[in-house]
Each structure stands twice: as C-alpha cells, then as structure tokens.
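Report on the following structure.
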Amino acid sequence: MKSLYFLVDCNNFYVSCERVFRPALWGRPVVVLSNNDGNVVALSNEVKEMGLPFGAPFFEVKRLIRKNGVAVFSSNYTLYGDMSRRVMECLARFSPEMEVYSIDEAFLSLRGMTGDPAAYGREVREAVRQWTGIPVTVGIAPTKTMAKLASRMGKKDPACGGVFDLTDRGRAEGALESADAGDVWGVGRQYRELLRRYGIRTARELRDAPDAWVRRNMTITGLRTVWELRGVPCIPLDEQPAPKQGIVSSRSFGRPVERLNELREAVAAYTGRAAEKLRAQGSAAGSMTVFISTNRFRETDPQYSNGVTCRLPVPSAYTPRLIQVALGLLDRIYREGYSYKKAGVMLFEIMPQGDAQLDLFSRFHDTDRGRRLMRTVDGLNRAMGRHTLRFAAEGIEKPWQMRRAFLSGRFTTHWKEIPVARA
DNA sequence: TCTGGGGTCCTAGGACCC
DNA sequence: TCTGGGGTCCTAGGACCC
C-alpha cells in the first residue's frame with residue numbers, strides 16, 4: 001500500500017486559542033508570551049509581518065508592541081491544553097492511525113486511501129474549524145518529512161486555502177527547489193551551517209547529497225531525513241509514544257528569591273507537579289535531581305547555580321515522599337546571600353509503578369494506602385481543577401510564583417469562567 | 001525592572017566483562 | 001619482545017524537536 005501522510009498543524013496555535021474567545025482579535029495583531037511574561041513565543045501573521053522575531057524578550061519589544069496596538073496575552077496552558085485535546089479528538093475521526101506530535105500538530109496516516117487527498121484535507125480542515133474554531137494547515141505527502149515541508153509551504157501560500165498537497169512529483173520537485181535546507185524537519189541551525197559550507201543550500205540539494213557523506217556528517221538520523229525527502233518512508237507513525245524517561249518541572253520566579261523557606265515552597269510545588277506527571281503515565285521514579293540558579297542575565301550580580309542528584313531507596317511516585325527527598329537535596333545546595341531566579345526538579349530512572357524492585361530493609365515502600373491516597377488526590381484535582389488539593393509544603397501565598405499580567409480566562413475548564421454570550 | 005519550559009536520539013570513548 | 005576478540009554499559013556532549 002502506498003504511504004500517505006497528512007500533517008495537520010494549527011496556525012499560530014496559542015494566538016488562535018485566544019482569538020476563539022475574543023473574536024474581535026481575528027485579523028488584528030496578537031502575541032502570546034512565555035511563562036513569566038518573558039519572551040514572545042507566539043505571533044499572529046500581522047505581527048510576523050511587522051518583523052518581530054520569535055523569542056524576543058518582551059521588555060525589549062514592549063514599546064514596539066504598544067505602538068502598533070498589538071494585543072498581548074500571558075501563556076494560558078490550561079486553555080491551550082484543553083483546546084489541543086479538542087482538536088485532536090476531532091482529527092481522530094478522520095483516520096484510524098494518528099500520531100499526536102505536539103500540542104498543535106498531528107500526523108494522520110492515510111495509506112491506501114482512494115480519492116483526492118487534497119479534497120479530504122479540506123474536509124479535515126473545515127471540520128476542525130467548525131468544531132473548535134481553530135484554523136489549521138494540512139500538508140500532504142508520502143513521507144512525514146515531506147508532509148512537514150508541505151504544511152510549512154502551505155502557511156506561506158495563502159492561495160492554497162490551508163491545504164498543500166505534495167503527492168504530485170512535479171510539485172514536490174518545485175517545493176524542494178524553493179525550500180531552504182534549513183526548513184527541513186530535522187535540520188537545525190548547526191546542520192544548516194554545515195550544509196552551507198559544503199554548498200548545499202536548498203532542500204533539493206540536500207535530497208541529492210551522497211548517502212555516505214550524509215551518514216558520516218549527520219548520523220543515521222540525517223540519512224533518514226534525506227531518504228524521506230526522496231519519498232522513501234523511514235520515520236514511522238508513532239501512535240503510542242513511549243512513557244517518558246525523564247520528567248522535569250522547573251520555573252523561573254516572578255521575582256528574585258533569597259530565603260530558603262521560599263525556595264523550599266517552590267521546590268515542593270515543582271515536585272508535586274512532577275509527581276503528578278509521573279503518576280499520569282503510571283510510573284515511579286528511581287532517582288531525582290534538584291537544581292537552583294541565580295539570574296544569569298544579571299552579570300554584575302554574584303552568580304551561583306548548583307544541582308544535586310540522589311537515588312531513592314525504592315522507586316516512588318508518592319508525593320509526600322518525593323517532597324521530603326527533594327527538600328533534603330535543596331538544603332544541601334542552598335547558599336545564603338544569593339538572589340535566586342529559578343529552581344527545578346527532575347525525575348529519572350522511570351519505570352512502571354508495579355515493576356519497581358522492593359528493598360527488604362527499607363521503610364520507604366509506597367504502600368497501597370499511599371497509592372490510593374494519590375489516586376484520590378489526582379482524581380479530585382482532575383474533576384475539580386488543579387490545586388484543589390495540594391500539599392502544605394507548597395505554601396499559601398507563593399510570592400515566588402510566575403508573573404502572568406495578561407492572563408485570559410480558563411474558558412473551557414472552569415465553570416465560573418465559561419464565557420457568556422449576549423444576544 | 002523585565003530574558004521560557006519541556007523533551008528525544010545518536011555517537012564516541014572508556015570501563016569492565018569473559 | 002611478544003599483547004585477541006568479542007561484548008555491554010555508562011557518560012558526556014552534541015544535535016534536534018515543539
């Protein structure tokens with residue numbers, strides 16, 4: 001059966017999520033900021049046209065933004081996560097084989113389909129728009145890498161109506177010719193420069209590069225990419241992503257933190273979040289790292305950053321236990337006299353909860369009671385909203401919490417914040 | 001004053017095993 | 001003076017993705 005992939009990519013996803021609930025902003029310039037209102041991480045087309053770069057620190061471009069009447073939002077992951085779930089549910093109806101690739105992208109496999117792929121692509125696009133309000137671009141090609149390229153080209157070409165089909169040989173050739181090698185999925189900045197030095201500038205030149213050279217300079221991963229550009233599928237659809245091997249929870253603080261007590265609250269809160277992610281995939285962690293750092297951008301301030309790892313006596317997913325260990329680690333690396341800007345917790349040696357090797361002499365096994373307690377806590381938080389139940393160690397006031405000055409509502413996940421329409 | 005937060009895979013080299 | 005032939009595991013570093 002001939003392979004055929006759709007890559008469905010939401011247009012300016014975070015911006016679109018905000019616009020769904022503020023329809024007056026369609027056609028107007030909009031940006032969304034990263035956590036802590038740090039950088040610009042999503043731009044509407046109008047803003048892209050102004051030449052504002054992705055990732056610019058907000059404080060540097062604030063004036064420009066204000067001058068041009070750009071609407072600004074803090075990132076609202078509660079909203080984006082839920083909107084993403086709705087988009088994916090809609091897409092799942094169009095193919096039995098789907099890979100949710102990121103919060104705003106999914107691959108559909110339509111191998112063996114009969115009929116016009118582009119027409120089907122338009123159906124997909126229309127359904128998502130109607131059911132969720134989110135505009136998407138559909139890239140269509142025989143390999144995932146080519147489908148990514150197709151959707152990228154589709155976004156640059158308003159005339160295509162959001163569906164870009166590269167199944168035709170001639171069109172594919174033209175697309176590869178016009179695309180920069182750096183636009184290819186799997187080619188980042190370093191490889192782009194390397195390719196440039198060897199005179200490879202376009203995606204077509206990359207496709208035609210000799211296998212041996214690619215293998216030597218870009219590893220087996222690069223060779224797969226090149227073959228995919230030739231139309232040979234090498235990157236299979238990953239329908240059920242493996243459980244994570246590492247889980248990280250870290251944040252910058254809304255303001256500098258100096259006191260150990262406040263750091264402890266933050267670390268406890270991040271540990272709680274990491275443990276939630278751990279349990280959500282049914283795992284336990286065998287080791288843990290805690291790290292803290294000062295603000296590296298304030299070069300004149302005294303700098304300190306440190307991290308420490310320990311192995312747990314027995315793998316665990318029990319929040320109180322993990323918090324206890326994390327705070328012990330924090331005490332070991334904390335130094336007085338610094339302004340801390342960031343802290344984080346990482347969990348490793350992750351395994352299915354039932355597989356953990358027990359220790360005959362340890363007092364720290366996760367008991368059945370403990371597991372039931374965590375299930376109850378997670379269940380309540382799922383049903384009633386995150387943070388409904390939390391651990392006292394996380395603190396109450398949380399003065400270290402991130403800045404989110406332009407936060408929109410939790411329109412789809414919180415009863416009190418459901419939008420009201422007046423007719 | 002203000003600068004994000006997650007992840008994955010691959011390779012080379014060294015330690016160690018029989 | 002002579003010094004095999006496999007294999008695994010771990011780590012650090014480098015590349016990439018959103």
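Every chain is numbered from 1, with letters handed out A, B, ... down the list of sequences.
In this structure, A:Asn39 and A:Val248 both approach DNA chain B, and ranking their closest nucleotides by distance from the 5' end singles out A:Asn39. Each of A:Lys277 and A:Lys62 has a nearest nucleotide on DNA chain B; the 5'-most of these lies closest to A:Lys62.
Comparing C:dC17, B:dG5, B:dT3 by their nearest atom to the side chain of A:Lys342 picks out B:dG5. Of the listed nucleotides (B:dG6, B:dC10, C:dC16), C:dC16 has the atom at the smallest distance from the side chain of A:Tyr191. You'll find that the side chain of A:Asp104 is closest to C:dC18, out of B:dC10, C:dC18, C:dA15. Nearest to the side chain of A:Ile247, among B:dC2, B:dG4, B:dG7, sits B:dG7. Set against C:dC18, B:dG4, B:dC9, the side chain of A:Ser102 has C:dC18 as its closest nucleotide. Of the candidates B:dT3, B:dC10, C:dA15, B:dC10 carries the atom nearest the A:Ile220 side chain, counting heavy atoms from C-beta on. When the nucleotides B:dT8, B:dG5, B:dC10 are ranked by their closest atom to the side chain of A:Gln245, B:dT8 comes out on top. If you check B:dG6, B:dG7, B:dT11 against the side chain of A:Lys244, the one that comes closest is B:dG7.
Residue contacts for A:Ser75: at a heavy-atom cut-off of 4.0 Å it reaches no nucleic acid atom on any strand shown. Using a 4.0 Å heavy-atom criterion, one finds that A:Val41 contacts no nucleic acid atom at all. The residue A:Phe58 sits apart from the nucleic acid: no heavy atom pair falls under 4.0 Å. Here A:Gly55 lies out of heavy-atom contact (under 4.0 Å) with every strand. Nucleic acid contact class of A:Leu33 (heavy atoms, under 4.0 Å, all strands): none. Counting any heavy atom pair closer than 4.0 Å across all strands shown, A:Arg224 reaches sugar-phosphate atoms only and no base atom. Within 4.0 Å of A:Arg255, counting heavy atoms only, lies no atom of the nucleic acid at all.
A straight line from CD1 of A:Ile103 to C1' of B:dG7 spans 14 Å, rounded to a whole angstrom. Atom CZ of A:Phe13 and atom C1' of C:dC18 are 12 Å apart (whole Å). Spacing between atom CG of A:Asp9 and atom P of C:dC17 amounts to 14 Å, rounded to whole angstrom units. The separation between A:Asn35 atom CG and B:dC2 atom C1' is 15 Å, rounded to whole Å. In this structure, CG of A:Asn217 is placed 13 Å from P of C:dC16, rounded to the nearest angstrom. Atom pair A:Arg63:CZ and B:dT1:C1' shows a separation of 16 Å (rounding to whole Å applied). Taking atom CG of A:Leu195 as the reference point, atom P of C:dA15 lies 13 Å away to the nearest angstrom. In this structure, A:Trp185 atom CH2 and B:dC9 atom P are separated by 12 Å, rounded to whole Å.
No more than 12 heavy atoms of other residues, nucleotides or ligands shown are found within 6.0 angstrom of CZ on A:Arg28. Around atom CZ of A:Arg382, no more than 12 heavy atoms belonging to other residues, nucleotides or ligands sit under 6.0 Å away. In A:Arg86, the CZ atom is crowded: over 12 heavy atoms of neighbouring residues, nucleotides or ligands sit closer than 6.0 Å. Counting non-hydrogen atoms of neighbouring residues, nucleotides and ligands closer than 6.0 angstrom, the CZ atom of A:Arg111 reaches no more than 12 such neighbours. Counting heavy atoms of neighbouring residues, nucleotides and ligands inside a 6.0 Å radius, atom CZ of A:Arg255 exceeds 12 of them.
For A:Arg298, no side-chain nitrogen or oxygen approaches OP1 or OP2 of B:dT1 to under 4.0 Å. Taking side-chain N and O atoms only, A:Arg192 has no distance below 4.0 Å to OP1 or OP2 of C:dC16. Side-chain nitrogen and oxygen atoms of A:Asn36 include none within less than 4.0 Å of the OP1 or OP2 phosphate oxygen of B:dC2. A close approach under 4.0 Å does occur between a side-chain nitrogen or oxygen of A:Lys341 and OP1 or OP2 of B:dT3. Contact annotation: A:Ser34 does not reach the phosphate of B:dT3 (side-chain N/O to OP1 or OP2, under 4.0 Å). At C:dC17, none of the side-chain N or O atoms of A:Lys148 fall inside 4.0 Å of OP1 or OP2 (strictly under the cut-off). Not one side-chain nitrogen or oxygen of A:Ser252 sits closer than 4.0 Å to the OP1 or OP2 atom of B:dT3. OP1 or OP2 of B:dT11 has at least one side-chain nitrogen or oxygen of A:Arg215 nearer than 4.0 Å.
Ring geometry, A:Trp185 versus A:Tyr101: the interplanar angle exceeds 60°, so the pair is classed perpendicular (tilted spans 30 to 60°). Relative orientation of the A:Phe21 and A:Phe411 rings is parallel, given thresholds of 30° and 60° on the angle between their planes.
Taking atom P on both nucleotides, B:dT3 is separated from C:dC18 by 25 Å, rounded to a whole Å.
In a base pair of the Watson-Crick type (N1 to N3 plus N6-O4 or O6-N4) or a G-U wobble (N1-O2 and O6-N3), with each distance short of 3.5 Å, B:dT11 is matched with C:dA12.
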Hey, mind stepping through A:Thr137 and A:Asn11 against side chain to side chain donor-acceptor pair (under 3.5 Å) and telling me if it holds?
CA-CA 7 Å; A:Thr137 302; A:Asn11 299 348; 2.7 Å; yes

